[in-house]
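A short worksheet on the structure shown next.
Everything quoted here is computed from the prediction, not taken from an experiment. Order of listing sets the numbers, starting from 1, for every ligand and every atom in it.
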Amino acid sequence: MRYLILSDIHSNLEALEKCMAMASGHYDQVLCLGDLVGYGPDPNAVVDALRGLASVTIRGNHDKACAGITDAEDFNPLARAGTLWTRQQLTAANLAWLQDLPPGPCEVAGFELVHGSPRDEDEYLVESHDAPPAFEEATSALVFFGHTHLQGGFVWSPDGNAQPIPCYGLANGSPLTVHIDEGSRYLINPGSVGQPRDRDWRAAFAIFDSDQRLVEYYRASYNLLTTQDKMRRAGLPEPLITRLQFGR
Ligand code: ZN
């Protein structure tokens, strides 16, 4: 089975469509690690698309805030502004669907999906020293996570060293392939579809082939100017618009 893993789409329809086009023919099922909405200009179109595409979707912190499950008081002012705008846009049906999304961890065919980490759906796993406690908590040797918007993740080899998986400078459509070895443990971050923060503006995603035990990391250029134009016309804060082109 080949799983297309999407995370942190953040209402960016152009980025999502580009990822789906690039991945076309290379996957059997879509799994989503949360943060479908918040920040970007197309919350309803993105939720509509994922409702049709994904066999499993778990919630992210922005889904919770935009659905009114949390109050966004702990968000910075820009993220809060994006949340309040998104709440006004969501249809009643999409709001209800977001409210019903399950939290991670979610077990799928011998591996695990989380938004932040296996310990806490809102925890950020950024540095190598963040990884061992998360590995200890995981119920599977293979965990997919998002939330940081940083493509890559960590591998914990049998000798007990947690190492980052470097994913810099991938060419468009030419994946970096990582073999999932027996005995090692993996925290895999597919990167963010709609608002990458690893200084690469291009949309990020991953494909996991469970038969071949391979994870492929992809980057995809998309029509950024269209997304930014939509955000300006929606009146979203300018720093949220410009950050997209810097990938941070
Ligand atoms: Zn996010």
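When each of Val193, Ile9, Asn61 is tested with Asp35 by the rule side-chain contact (heavy atoms from CB on, under 4.5 Å), just one qualifies, namely Asn61.
With respect to the salt-bridge test (charged N to carboxylate O, under 4.0 angstrom), the residues Arg233 and Asp229 qualify. Between Arg2 and Asp211 there is no salt bridge, since no side-chain nitrogen of the basic residue lies less than 4.0 Å from a carboxylate oxygen of the acidic one.
Closer than 2.8 Å to the Zn ion (ligand 1) sit the protein N, O or S atoms Asp8 OD1, His10 NE2, Asp35 OD2, His149 NE2.
A salt bridge (charged side-chain N to carboxylate O under 4.0 Å, His left out) check over residues 234-244, counting only residues at least two apart or in different chains, returns the pairs Arg232-Glu238.
Rounding to the nearest 0.5 Å places SG of Cys19 at 5.5 Å from CZ of Phe205.
Aromatic rings from Tyr3 and Phe111 are positioned such that their centres are separated by under 6.0 Å.
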